[in-house]
Amino acid sequence: MADRLVIAIDGPAASGKGTLARRLAAHYGLPHLDTGLTYRAVAHALLQVGLPLDSEALAAEVATSINLGALDRDILSTHEVGEAASKVAVMSSVRKALVEAQRKFAESGKGAVLDGRDIGTVVCPNADVKLYVTATPQVRARRRHEEILSKGGTAEYAEILADIKRRDERDMNRADSPLKPAEDAHLIDTSEMDIESAFHAALEHVESVTSAKQA
Ligand code: C5P
């Protein structure tokens, strides 16, 4: 492996990018940052004290105080927080503060794996490896649905699909840092792959890039 390795992974909700990021980080012994949690943490902090989600000044102030070491996935992973996160994520001053913290994370130590929506395009444009992980909205909605049911929850597939499409629309069409593949990203469509095949496709790509760099 090269001295430093930064892997940038982007893609829409429920594409499988988070699982891939965790698996790659474990494989290479690198720290992992799920940058979605940073936007969720801002939204959660505002919701918790009953502050409005549409004040950019307030949201930006909260964003500058987010501690990357204290992001609690269990608390932040609710549907309500995800929706609210995609609203504060359109605000440029929120993005500026969070991107700064995310870059510091990527630049420290021997590298990192970051996943989100703008990692290859904005946060780490010089990442060694960029992956763009996607799947059809129907497949992503089915995965989310099965995940909720397997945890004993209840949910309507049609509602989840509508949520996913609404979130894609907001993330792909915002003015600042819209979700899109970086020009040099390697695309992995997981619509017809299980996680094991997706991991092997990702690993193969990372290995081919890192061995070409070392040669
Ligand atoms: O990935 P996750 O669902 O946790 O992200 C929540 C929201 O945070 C996304 O819908 C998106 O609006 C925003 N986000 C972003 N840029 C990132 C990561 C997440 O705008 N790098």
Side-chain angles (χ1 to χ4, degrees), residues 6-22 24-25 31-47 53-54 56 59-60 62-63 66 68 70-107 112-125 127 130-135 137 139-141 143-145 147-148 155 159-182 185 190:
V6 173
I7 304 179
I9 308 183
D10 291 300
S15 56
K17 66 181 188 308
T19 310
L20 275 187
R22 275 190 294 280
L24 287 172
H32 165 227
L33 178 64
D34 171 353
T35 61
L37 290 180
T38 64
Y39 291 90
R40 284 172 180 266
V42 173
H44 179 254
L46 293 170
L47 290 171
L53 291 170
D54 58 358
E56 180 153 358
V62 172
I66 292 301
L68 296 193
L71 300 169
D72 186 329
R73 177 175 301 279
D74 288 338
I75 294 176
L76 300 175
S77 67
T78 67
H79 174 248
E80 185 199 11
V81 174
E83 270 290 298
S86 77
K87 290 181 187 156
V88 298
V90 303
M91 299 170 175
S92 291
S93 46
V94 170
R95 302 200 69 85
K96 191 165 173 273
L98 295 180
V99 165
E100 195 179 308
Q102 294 160 8
R103 278 193 187 134
K104 276 196 191 128
F105 183 92
E107 283 159 10
V113 180
L114 288 86
D115 73 276
R117 304 290 192 288
D118 60 342
I119 309 302
T121 51
V122 176
V123 181
C124 303
K130 297 180 187 178
L131 299 173
Y132 188 85
V133 185
T134 188
V139 167
R140 291 186 280 128
R143 283 182 192 150
R144 257 296 133 78
H145 191 219
E147 186 188 333
I148 295 172
E159 267 178 38
I160 297 175
L161 180 60
D163 271 355
I164 282 199
K165 287 185 173 168
R166 195 170 51 236
R167 186 103 74 84
D168 284 358
E169 163 75 21
R170 206 180 283 143
D171 289 347
M172 291 173 180
N173 294 310
R174 66 180 175 224
D176 190 344
S177 317
L179 168 63
K180 61 171 185 206
T190 66

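When a residue number appears, it is its place in the shown sequence, counting from 1. Just the heavy atoms: all of them, side chains too, but no hydrogens, waters or symmetry mates, feed the values below. Every number for a ligand or one of its atoms is a count from 1 in the order of the listing.
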Any atoms of ligand 1 less than 4.0 Å from a non-hydrogen atom of [X]? List them with their elements.
X: Thr35; answer: 17 (C), 18 (C), 21 (N)
X: Ser86; answer: 10 (O), 12 (O)
X: Gly116; answer: 18 (C), 21 (N)
X: Arg40; answer: 2 (P), 3 (O), 4 (O), 6 (C)
X: Ala89; answer: 12 (O), 13 (C), 20 (O)

Is any N or O atom of [X], backbone or side chain, closer than 3.5 Å to an N or O atom of ligand 1?
X: Tyr39; value: no
X: Asp118; value: yes
X: Asp115; value: no

Region of [X] engaging ligand 1 - heavy atom pairs below 4.0 Å:
X: Ala13; result: neither
X: Arg174; result: side chain
X: Gln102; result: neither
X: Arg167; result: side chain
X: Arg95; result: side chain

Check the pair Arg174, Arg117 against side-chain contact (heavy atoms from CB on, under 4.5 Å), reporting the backbone distance first and the verdict last. CA-CA 12 Å; Arg174 66 180 175 224; Arg117 304 290 192 288; 3.9 Å; yes
What verdict does the side-chain contact (heavy atoms from CB on, under 4.5 Å) test give for Leu37 and Arg73, after you've listed the backbone C-alpha separation in whole Å, the side-chain angles of each residue and the deciding distance to 0.1 Å? CA-CA 7 Å; Leu37 290 180; Arg73 177 175 301 279; 3.8 Å; yes
What distance separates Arg40 CZ from Thr35 OG1, expressed to the nearest 0.5 Å? 11.0 Å
Please round to the nearest 0.5 Å and tell me the distance separating atom CG of Asn173 and atom CG of Asp168. 9.5 Å
Could you tell me the residue and atom name of the protein heavy atom closest to [atom], and the distance to it rounded to 0.1 Å?
atom: atom 12 (O) of ligand 1; answer: Asp171 OD1, 2.6 Å
atom: atom 1 (O) of ligand 1; answer: Arg117 NH1, 2.9 Å
atom: atom 7 (C) of ligand 1; answer: Ala85 CB, 3.9 Å

Ignoring hydrogens, what is the shortest heavy-atom contact between [X] and [Y]? Give both atom names and the distance.
X: Ser86; Y: Asp171; value: CB-OD1, 3.8 Å
X: Tyr132; Y: Lys180; value: CE1-C, 3.6 Å
X: Arg167; Y: Ala13; value: NH1-CB, 4.2 Å
X: Ala59; Y: Met91; value: CB-SD, 3.8 Å

Test log, rule side-chain contact (heavy atoms from CB on, under 4.5 Å), inputs Ile119 and Ile9: CA-CA 7 Å; Ile119 309 302; Ile9 308 183; over 6 Å; no
More than 12 heavy atoms of other groups within 6.0 Å of Glu56 CD: yes
